[in-house]
Visitor: 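Let me give you the structure first, and then I'll get to my questions.
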Amino acid sequence: MGYARVRCRGERGLDAPPVSVEVQLAGGLPAFNIVGLAETTVRESRDRVRGALASSGYDFPVSRIVVNLAPADLPKSGGRFDLAIALAILAASGQLRSSVLDDTECFGELTLAGEVAPVAGVLPAAIGAARRGRSVLVATADAQIAALAPAAYVYSVATLADAVDHLSGAAPLPATTSTPPPGTSAASVDLADVRGQSAAKRALEVSAAGGHNLLMIGPPGSGKSMLAMRLPGLLPEMTDAEALAAASIRSVTSPKANDAPWRRRPFRAPHHGASAAALVGGGSKPRPGEVTRAHHGVLFLDELPEFSRTALEMLREPIETGEVHIARANGHVRFPAQFQLVAAMNPCPCGFLGDPDTACRCSQDQVQRYQSKLSGPLLDRFDLSVALGRVRFRALRSEASDPASPRVAKSVAEARSRAITRQGCQNARLPPARLMSLIDDSIPARLLLERAAERLRLSARACHRIIRVARTVADLADRDNVRESDMAEALSLRVAIGAPAAKLG
């Protein structure tokens, strides 16, 4: 009769809840059972563990083996428990001292040859282990990403024998260190590559400075996608906390989590055929969607009306709250989703509505049907909406100017710094309760917004977003107070779909 316990962690969204791997050896006919709400991939670890122990030269106990994965009500999946189960069996059978396992957590899938393979989600697991003051054993391929966890002691093991030798003291391993690069790789594209479209470039600068959602409307080939792809080069680098959160998401969703630049903000551009679950997250076992992968970065939706209406309507909650809540029968999962939404669309199915040089081939019903794919509540959540015109050939022939992205990025960083110093958050995240105080000192700006709200029938949400944009325009100009000219520019950057910007008297 033998008993041992090894600590591990499961997966629940982006969290890594603790799991105790308990092994008991009892008399009776030889058997190997795993209990504790284990899915098929976990139950299959019986054969992997048996093969790994045999290949590594250890004795497999000829007895009744019961493996309990506690807590019993937490679903377990994947091969992340293999290493912990093998070590617990060795400890329960007296081939390894149980006491050396008390302050260690183990994550890794075993091959039949006894090698330790990488698993998903090691960074959140390492963060949880470090908070408990425990060291971590992971596969060699996972060591660098796991070592990003603050105050974590991470040990890289290539085989099961390496893990046993380290724990027993026969061959202690050095702790793995991982120092993120101090900066980020330079942007490969520049804003100067986009010819013309000065109004759209200005809207992109305002969007970057305040973290505002941007909708670009224009005919095919007018530069909407080019502008969107240059937005990440204008944004400031992520802080260490933001970079760690983004790396944790990549650790769960991508097998090559450490390939992305450390402080470069994520840029996600899903195809318009993406389902609602792919965009927002979901599934029987909830997984993060594109909005979570774009956390602290940019989500670009090209050909916006071509997305399913169900998927687009599900964006409304994360845009407002910065979170996605998914409820399933076996639990509730929360995913972070503080992203900046940038979208592009044509004004009509053919794309040439309002172009004086190209006749639009769409009927009024077709235009209305196309534009009605976007609901009013969704459009109301865009802070900026700018119309782009067709670019003339002579503009394409003009010489490229000096790189514009570094200059604009400097202006954006300064504006964001002013906002953070003043209120502790970027302007797009200002709560409604603090918005009206921004225009209390400027009666002309307040009266202009009041006239615009009456004439354009703006909702309360639209008014709040216009005030935020006006505050960003003032920050770009290094002004303490919002002026009437700032409010006028904020209103001009919010035009209606398929119609020219309204002129306010």
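The shown structure was predicted, so the numbers you read here are calculated from the model rather than taken from an experiment.
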Visitor: Would you call Glu105 and Arg134 a salt bridge, taking side-chain N to carboxylate O under 4.0 Å as the test?
Guide: yes

Visitor: Looking at the rings of His166 and Tyr155, which for Trp means the six-membered one, are their centres under 6.0 Å apart?
Guide: yes

Visitor: Going by distance alone, is a donor N or O of one side chain under 3.5 Å from an acceptor N or O of the other, for Thr176 and Gln144?
Guide: no

Visitor: Between Phe300 and Phe267, what is the ring plane arrangement, given parallel below 30°, perpendicular above 60°, and tilted in between?
Guide: parallel

Visitor: Is there a side-chain contact between Ile65 and Ser63 in this structure, where contact means two heavy atoms from C-beta onward sitting under 4.5 Å apart?
Guide: yes

Visitor: So that I can tick it off, tell me whether Arg265 and Glu242 are bridged by a salt bridge, with the cut-off set at under 4.0 angstrom between side-chain N and carboxylate O.
Guide: yes

Visitor: Are Asp103 and Arg132 ion-paired here, with the side-chain N under 4.0 Å from a carboxylate O?
Guide: no

Visitor: Would you compute the distance between atom CG of Leu279 and atom CZ of Phe307 and round it to the nearest 0.5 angstrom?
Guide: 6.5 Å

Visitor: For Arg422 and Asn427, which I'm curious about, is there any donor-acceptor pair between the side chains at under 3.5 Å?
Guide: yes

Visitor: What's the separation between atom CG in Asn33 and atom CZ in Arg43, rounded to the nearest 0.5 Å?
Guide: 11.0 Å

Visitor: Find the distance between CZ (Arg230) and CG (Asp190) and round it off to the nearest 0.5 Å.
Guide: 7.5 Å

Visitor: Are Arg461 and Asp380 within salt-bridge range, i.e. N to O under 4.0 Å?
Guide: yes

Visitor: With a 3.5 Å cut-off and no angle check, do the side chains of Ser93 and Gln95 form a donor-acceptor pair?
Guide: yes

Visitor: Would you kindly say whether Thr41 and Ser77 are connected by a side-chain donor-acceptor distance under 3.5 Å?
Guide: no

Visitor: So which atom in Ala228 and which in Val342 form the shortest heavy-atom distance, rounded to 0.1 Å?
Guide: CB-CG1, 4.0 Å

